[in-house]
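Input: a single structure, listed below in structure tokens.
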Amino acid sequence: MNILLLGSGGREHALAWKLSQSKNLDALFIAPGNAGTSRLGKNIPISPNDFPGIRTLVLEHNINMVIVGPEDPLVNGIHDFFRNDPDLMKVPVIGPLRAAAQLEGSKNFAKHFMKKYAIPTADYQTFDCGSVEDGIAFLKNLQPPYVLKADGLAAGKGVIICPTLDEAIREFCDMLRNSKFGKASQKVVIEEFLSGTEISVFIITDGISYKILPEAKDYKKIWEGDRGPNTGGMGSVSPVPFADNIFFDKVESRIIKPTIEGLRKEGIEYSGFIFFGLMNVGGDPYMIEYNCRMGDPEAESILPRIRNDLVDLLTAVGYRKLENESIDIDPRFTATVMMVSKGYPDHYEKGKIIHNEEMVTGSMVFHSGTAFHPENGQLITAGGRVLAITSFGNTLNEALNQSYQNAEMICFEGKYIRRDIGSDL
Ligand code: AMP
């Protein structure tokens with residue numbers, strides 16, 4: 001098969017790495033990709049949101065399947081674009097149609113869906129600029145801390161948790177009246193605060209049947225001890241020790257099944273990954289959010305644990321034959337440590353030379369923000385998150401130690417890693 005993978009991060013490098021192990025892969029194209037993916041396939045400098053450009057690429061290279069890594073092309077309707085084009089409609093797209101991508105693209109849509117299908121989640125209300133005073137009154141009736149969410153996509157920054165009522169009212173007004181997150185905060189969801197431990201659960205589904213993939217825990221804050229601003233993710237581990245069979249049975253019956261059932265009842269087709277961002281509240285799972293794709297850096301911990309041929313698995317998704325597949329999971333632990341640029345998630349410099357990457361043994365190195373220098377071909381930094389180091393271990397500590405050892409060895413100016421990934425487990 002000729003496969004086109006859209007995206008350019010560590011998730012996409014991990015996907016490319018896994019796809020390239022398949023006996024059924026003839027050619028892999030990645031748009032736009034990064035330095036790491038260029039070693040596994042052909043990078044094409046086209047944005048995943050340039051649908052006409054993607055169309056040309058698919059037709060020119062006889063692409064048999066398109067796998068969408070990031071959320072924005074899905075929320076922008078890339079799958080619908082394929083569906084509505086007579087030349088593309090037969091090419092399976094792994095990633096949902098726009099209507100289903102609203103599970104990630106609109107917090108209000110997702111919360112409404114959860115309530116409608118009795119999926120446990122925090123109580124909430126949604127407000128717009130015509131109902132600011134109602135929102136303030138709603139806040140006054142809640143207990144601190146206060147959770148405010150911009151309705152639309154805001155590059156992972158649209159959720160604010162405020163310790164005091166004054167701050168919550170100020171932020172709420174800033175989001176609605178001053179468009180703090182642009183169009184994304186035209187509506188704001190205010191919800192009850194849930195206290196517990198977070199866990200990321202993933203499935204793949206063809207809309208009829210689903211398969212549960214390994215779970216993971218990711219670490220979003222920049223500083224150790226879960227402090228500081230949110231990032232795209234500083235590391236992840238899989239499996240998550242507290243997620244035992246009893247917990248998973250609840251996740252499946254209370255969350256996964258009602259979600260699949262709800263999509264079916266709404267007449268919304270789905271093909272691809274669903275990420276369930278959950279809070280374990282005293283042993284009971286509550287939904288925080290849906291994502292309509294794999295997480296990053298969770299993908300870097302999860303994909304190595306899946307022993308199946310990923311091309312076969314995704315082909316079954318694309319042709320709605322997932323029912324016939326079974327998932328084979330490596331029981332070992334994986335730990336992923338993210339190496340980032342100084343200053344991330346705010347301002348950071350790019351173009352720093354990366355040393356020793358080729359010397360890594362015993363770990364997988366997934367590139368996130370990397371490039372080759374256009375003149376001398378040296379590997380350089382090209383983003384805030386630069387490299388994800390993933391290792392296997394028979395224990396979580398073994399996996400972590402191995403990843404940290406290699407992450408210490410690779411260097412570039414301004415390198416930062418969080419040294420407490422997995423230590424809470
Ligand atoms: P979201 O984008 O909805 O996943 O929110 C980002 C992060 O905010 C989550 O990963 C949680 O850490 C936190 N969060 C969101 N909603 C809540 C809530 N209701 N209670 C506590 N923390 C929350």
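All ligand and atom numbering here is 1-based and tracks the order in the structure.
Given atom 11 (C) of ligand 1, the protein heavy atom at minimum distance is Glu198 OE2, 3.2 Å. Nearest protein heavy-atom neighbour of atom 8 (O) of ligand 1: Val159 CG1, 3.6 Å.
If you look at Lys220 next to ligand 1, there are no close heavy atoms at all, none under 4.0 Å. Contacts between Leu194 and ligand 1, counted as non-hydrogen atom pairs separated by less than 4.0 Å, involve both the backbone and the side chain.
Remark: the Asp206 side chain and the Ser271 side chain contain no N/O donor-acceptor pair separated by less than 3.5 Å. Side-chain atoms of Ser236 and Asp218 include no donor-acceptor pair closer than 3.5 Å. For the residue pair Thr336 / Thr390, a side-chain donor-acceptor distance below 3.5 Å is found, with atom types taken as modelled.
Of all atoms in ligand 1, listed by their number and element, those nearer than 4.0 Å to a heavy atom of Phe193 are 20 (N), 21 (C), 22 (N). Short contacts between ligand 1 and Met279, defined as distances under 4.0 Å to a heavy atom of the residue, involve ligand atoms 21 (C), 22 (N). Interface atoms of ligand 1 facing Glu191, defined by a heavy-atom separation under 4.0 Å, are 16 (N), 17 (C), 18 (C), 19 (N).
Taking the ring centre of Phe273 as origin, the terminal cationic atom of Arg293 falls outside the region bounded by 6.0 Å and 45° from the ring axis.
When every heavy atom of Ile212 is checked against every heavy atom of Ile329, the shortest pair comes out as O-CD1, 4.4 Å.
Compare Lys149, Met287, Lys107 by their heavy atoms: the one nearest to atom 2 (O) of ligand 1 is in Lys107. Counting heavy atoms only, Ile161 comes closest to atom 14 (N) of ligand 1 of the residues Leu148, Ile161, Asp123.
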*Between Tyr290 and Phe276, does a ring-ring contact (aromatic ring centres under 6.0 Å, His included) hold up when you go through it step by step?*
CA-CA 5 Å; Tyr290 289 108; Phe276 301 86; 5.7 Å; yes

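Salt bridge status for Glu133 with Lys140: absent, with no side-chain N to carboxylate O gap under 4.0 Å.
Ring planes of His13 and His367: perpendicular class, angle over 60° (limits at 30 and 60°).
For ligand 1, the polar-atom distance check finds an N/O of Glu192 within less than 3.5 Å of one of the ligand's N/O atoms.
The shell of residues lying under 4.0 angstrom from ligand 1, judged by heavy atoms, excludes Asn230.
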